[in-house]
Protein chains: 2
Amino acid sequence: MTPAATAAGIRELPHPTRAEIRLEGVLHALSDPVRLRIVRDLAADSDALFSCSHFDLPVTKSTTTHHFRVLRESGVIRQAYRGTAKMNGLRRDDLDALFPGLLDALLAAAARQAAAVAGD
Amino acid sequence: MTPAATAAGIRELPHPTRAEIRLEGVLHALSDPVRLRIVRDLAADSDALFSCSHFDLPVTKSTTTHHFRVLRESGVIRQAYRGTAKMNGLRRDDLDALFPGLLDALLAAAARQAAAVAGD
DNA sequence: CTCGTAGTACGCCGAGTGTCAAACTACGGC
DNA sequence: GCCGTAGTTTGACACTCGGCGTACTACGAG
């Protein structure tokens, strides 16, 4: 069925506005290893947009969809359809405006921890 | 009973070592409004230690205990007994060493959001 | 039109979370 | 020794989360 979906043929994805982004939500979204990894990959190429299938995640498609949804609903990423693919991009501008320095500190911390674990 | 507790009369609280602190755990600990508030209060007076009862939290004592435990086990705070009271302090040195700039960015973000909500 | 690929939706499950009340332990003061 | 205060523990509850499979809906290629 998907009631309001087939109406115009355009599935609008609900994104929180910048003002609606909650710090707790962002932290919760980033407290999952899979999602943290997605964000790190996304941040590595801030300009480029990646499709969901680009990521080599250790979970199934439905779980992937779930994680991307959490990231989108918490305001961390932005999603847009392009053909059958769905492109994902970091909302760096919004996050930097709301919480200056937070994203960079977070990414640096994640990179640092990844390096520590690797060299363990 | 509390087996190894009454032995010496000193209840040692298990803290993760600096190397054991995981970024995901810290983010998860801070993704709860109650715990984020505790950390903010703690950070306001980094030198001072506060007892659990010092905080005016909208939850019962047992829930408070639970939140403090999550914070301690994730490596965010350090706890020590002093008489019947349990003093709580931020592990700022460890966190700054592990994730430079993260705590400051987090606290600034929390303060910024609190101000935005207040002026809503 | 048909088919394949990309992603979604739904339901299910086990595990974990936040909350509470109630019973308990520990310490200090009387 | 007794009592009150501070905090813990336990068990219960509703809820959420992360994971899965399956069935489904788009869109593009042929």
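Proteins come first, then strands; the chains are lettered A, B, ... in the order of their sequence lines, and each starts at number 1. Keep in mind that this is a model prediction, so the values were computed, not measured.
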Checklist line | Joint cluster assignment, A:L95 & A:F68, ILVMFWY side-chain distance < 4.5 Å | finding: yes
Next item on the list: Tell me whether the OP1 or OP2 atom of D:dG7 has a side-chain N or O from B:R69 closer than 4.0 Å.
Entry: no
Check: Of all the nucleotides listed (D:dA6, D:dG28, C:dA9), which has the minimum atom distance to the side chain of A:T84?
Finding: D:dG28
Next item on the list: Figure out the CD1/P separation between A:I38 and C:dG7, and round it to whole Å.
Entry: 12 Å
Next item on the list: Would you kindly check whether a donor in the side chain of B:S51 faces an acceptor in the base of D:dA6, or vice versa, at under 3.5 angstrom?
Entry: no
Side-chain donor/acceptor pairs under 3.5 Å, residues 20-30 of chain B, sequence neighbours excluded:
{"residue": "B:E20", "atom": "OE1", "partner": "B:T17", "partner atom": "N", "Å": "3.0"}
{"residue": "B:R22", "atom": "NH1", "partner": "A:Q113", "partner atom": "OE1", "Å": "3.3"}
{"residue": "B:E24", "atom": "OE1", "partner": "A:Q113", "partner atom": "NE2", "Å": "3.0"}

Next item on the list: Kindly indicate whether the side chain of A:L90, heavy atoms from C-beta on, has any atom under 4.5 Å from the side chain of A:V76.
Entry: yes
Margin query: Would you say B:T60 and B:T63 are linked by a side-chain donor-acceptor pair, where the criterion is simply a distance under 3.5 Å?
Written below: yes
Notebook entry, point to check: At under 4.0 Å, does any side-chain N or O of B:S53 touch on OP1 or OP2 of D:dG7?
Noted result: yes
Next item on the list: For B:F68 and D:dA6, give me the distance from atom CZ to atom P, rounded to whole Å.
Entry: 14 Å
Note to self: Does B:T65 reach a base, just sugar-phosphate, or nothing at all? Heavy atoms under 4.0 Å.
What the structure shows: base
Notebook entry, point to check: Are B:L57 and B:H67 side-chain neighbours, meaning at least one heavy-atom pair lies under 4.5 Å?
Noted result: no
Notebook entry, point to check: Can you check the B:Y81 OH to C:dC27 P distance for me, whole Å?
Noted result: 9 Å
Show me the protein contacts with nucleotides 14-18 of chain C, counting only N or O atoms at under 3.5 Å.
{"residue": "C:dG18", "atom": "OP1", "partner": "B:D32", "partner atom": "OD2", "Å": "3.4"}
{"residue": "C:dG18", "atom": "OP1", "partner": "B:R35", "partner atom": "NH1", "Å": "3.4"}
{"residue": "C:dG18", "atom": "OP1", "partner": "B:R35", "partner atom": "NH2", "Å": "2.8"}
{"residue": "C:dG18", "atom": "OP2", "partner": "B:R35", "partner atom": "NH1", "Å": "3.1"}
{"residue": "C:dG18", "atom": "OP2", "partner": "B:H66", "partner atom": "NE2", "Å": "3.2"}

Margin query: Please tell me whether B:I38 and B:M87 are part of a single hydrophobic cluster in this structure, the criterion being side-chain heavy atoms less than 4.5 Å apart.
Written below: no
Notebook entry, point to check: Picking from D:dG21, D:dG7, C:dA6, which would you name as closest to the side chain of B:A85?
Noted result: D:dG7
Checklist line | Whole-Å distance separating the CG atom of A:L57 from the P atom of C:dA6 | finding: 15 Å
Checklist line | Length of the line joining A:E73:CD and D:dT16:P, which is rounded to integer Å | finding: 13 Å
Next item on the list: Let me know, please, whether A:R82 or A:P58 comes out on the 5' side of the other along DNA chain D by nearest nucleotide.
Entry: A:P58
Atom pairs and distances, donor-acceptor, side-chain atoms in residues 98-112 of chain B, under 3.5 Å, two or more places apart:
{"residue": "B:D104", "atom": "OD1", "partner": "B:R92", "partner atom": "NH1", "Å": "3.1"}
{"residue": "B:R112", "atom": "NH1", "partner": "A:A97", "partner atom": "O", "Å": "3.3"}

Item checked: Nucleotide D:dC17, atom C1' - distance to CD of A:E24 in whole Å -> 18 Å
Check: Is the base of D:dG19 touched by the side chain of A:T60 through a donor-acceptor pair closer than 3.5 angstrom?
Finding: no
Check: B:K61 has an atom NZ; how far is it from atom P of D:dT10, in whole Å?
Finding: 16 Å
Note to self: From CZ of B:F55 over to P of D:dG7, roughly how many Å is that when rounded to an integer?
What the structure shows: 10 Å
